[in-house]
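Some notes on the structure that comes next.
The figures here come from the full heavy-atom set of this structure, side chains too, leaving out hydrogens, waters and symmetry mates. Here is how names work: the chains are called A, B, and so on, in the same order as the sequence lines, proteins then strands, and each is numbered from 1.
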Number of protein chains: 2
Amino acid sequence: MSLPAGQPKFRRRKADRPDEIVAAAFEVFAEKGFAAARLDDIAARAGVSKGAIYLYFATKDDIFQAVVEQGVAPNLHNLAALAAANPQTFPDLIRAFAKLIAQVAATTPLGGILKMVIGEARNFPELARVWHDRLIVPALGALSAAIAAAQARGEIRPGDPRHYAVSLISPMLVGVIWRETFTPIGAEPFDLPALMEQHVETLLRGMVP
Amino acid sequence: MSLPAGQPKFRRRKADRPDEIVAAAFEVFAEKGFAAARLDDIAARAGVSKGAIYLYFATKDDIFQAVVEQGVAPNLHNLAALAAANPQTFPDLIRAFAKLIAQVAATTPLGGILKMVIGEARNFPELARVWHDRLIVPALGALSAAIAAAQARGEIRPGDPRHYAVSLISPMLVGVIWRETFTPIGAEPFDLPALMEQHVETLLRGMVP
DNA sequence: ATCTACTAACTGACTGGTCAGTTATCAATA
DNA sequence: TATTGATAACTGACCAGTCAGTTAGTAGAT
């Protein structure tokens, strides 16, 4: 019995497999965390057998690494795009920055990856370092530098630029984490763009002399 | 050989064991995450055998639950203390609130527990709900109500009170998460009290009419 | 065009190790 | 000496990683 008669039981698609596996792995890791994620689940979601995964990745750790690193890349691109934008007034620069972050948070799975990095930083310090060195420090550094420059021009009151930068972006991060953590259990969600707009406008009012 | 001769090889201390086990479990969970934490490690750190744990807790899940719930209780106490404080001007209330949070973050292992809740919310929705219902919603609600009242008195500009509340506390949360996630891998730490003070003063400037 | 020989992508049953939870037994206290 | 807190050896389930075998696709011969 059970001769499929027609559909082959698998297709050879060497080129597409890695991305599909990483995509499936992201979902499962984001849902269960690293340790509780089963390779059989990842395989099933990727429409492939567990053995096939090992044709493309050596260990479970390697898959996790690929997931996190692919989560960094597009954000780096966005950051570069912002840096290339023509410099308007400082408040407009900040508004553009906030809008970009809100867009990234809405479009990409940044929240899920952030959650994973937070949760597994002790077990995978190299991954936390990748995120820290390649994404967070550049972003925070660029923002701090812009603030410091505005202070030098007298547009912004004195104060630690790095602290100002954290003040600016924190609600976005908290909002994203909230979405990943508490919204699934029925908590009232936040309107992230609205939250961010009110926050930026209020903080800017407090930052100008 | 190896007759202990003198010290007994264990002592019966029924009353103290549960707290010691919970304390040890907190450390291991905070370090490794729930799934990667081994009961043998928890037992060893509590100075007890694995079997002894099962005299006081039925399952690993129960231990985790005890850890998270014990992390909520002292904060509830702090919150109540603040609510009982005599109401000064709104900015002073906010400053007191910020100072309390900073103190809690410095004194208690709130950061480690927060990390655990974020990481395991999907696997333990009941725990996320405990935190949400018993700690976050009351705290956020009280702060929002204070802001709304100040708005009604004309001391604060219009705007969503809940969003203002998130704006106020977010840098603290981000700072705590930063301390748990990136400081251990060598990232530059934040001076949390200084960050929070600058943030609150700046935001307050932007919130008053 | 059709067949055939070959490659390699893919499968799925299996293994070895790990670890949550159990139990037979011991030893400290009342 | 009866009770019970505590131990340590044990069990069974689970799962990352392996590998012998299967099948899709392909190139070369007819």
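- Which of dC10(C), dG21(C), dT7(D) sits closest to the side chain of Y56(A) comes down to dC10(C).
- In this structure the side chain of R179(A) reaches within 4.5 angstrom of the side chain of L192(A), judged on heavy atoms.
- Between the CZ atom of R13(A) and the P atom of dT11(C) there is a distance of 11 Å, given to the nearest Å.
- Put simply, CG on L55(A) is 14 Å from P on dG12(C), counting in whole angstrom units.
- With N75(B) contributing its side chain and G71(B) its backbone, the two residues share a donor-acceptor pair below 3.5 Å.
- Among the heavy atoms of the strands lying under 4.0 Å from A37(B) are primed sugar atoms or P, OP1, OP2 only; no base atom is included.
- In the set dC10(C), dA6(D), dG21(C), dG21(C) carries the atom at the smallest distance from any side-chain atom of K60(B).
- Relative to the side chain of A52(A), the nucleotides dT11(C), dC15(D), dG17(D) differ in distance, and dT11(C) lies closest.
- The nearest whole Å value for the distance from the CG atom in D41(A) to the C1' atom in dG12(C) is 16 Å.
- Distance F64(B) CZ to dA20(C) C1': 16 Å, rounded to the nearest Å.
- Residue I21(A) contributes atom CD1, which lies 9 Å from atom P of dT11(C) at whole-angstrom precision.
- Checking the phosphate oxygens (OP1, OP2) of dA24(D), no side-chain nitrogen or oxygen of R11(A) falls inside 4.0 Å.
- Shown are I169(A), I177(A), L173(A); of these, the side-chain contact (heavy atoms from CB on, under 4.5 Å) with V174(B) is made only by L173(A).
- Not a single donor-acceptor contact under 3.5 angstrom links the side-chain atoms of K50(A) to the base of dG12(C).
- Between K32(A) atom NZ and dC15(D) atom C1' the separation is 14 Å, expressed in whole Å.
- Partner of E20(A) under the salt bridge (Lys or Arg N to Asp or Glu O under 4.0 Å) criterion, chosen from R45(A), K14(A), R13(A): R13(A).
- Of the listed nucleotides (dG21(C), dG25(D), dA9(C)), dA9(C) has the atom at the smallest distance from the side chain of K14(A).
- In this structure, the CG atom of D40(A) is 12 Å from the P atom of dT11(C), given to the nearest Å.
- When each of dA6(D), dA20(C), dG12(C) is scored by its nearest atom to the side-chain atoms of S49(B), the top-ranked nucleotide is dA6(D).
- Contact annotation: Y54(A) side-chain N/O to dC19(D) OP1/OP2 distance is not under 4.0 Å.
- For the pair R17(A) and dC10(C), the criterion of a side-chain N or O lying under 4.0 Å from OP1 or OP2 is met.
- The 12-atom threshold is not exceeded at CD of E197(B), counting heavy atoms of other residues, nucleotides or ligands nearer than 6.0 Å.
- Rounded to whole Å, the distance from CZ on F57(A) to P on dC10(C) is 13 Å.
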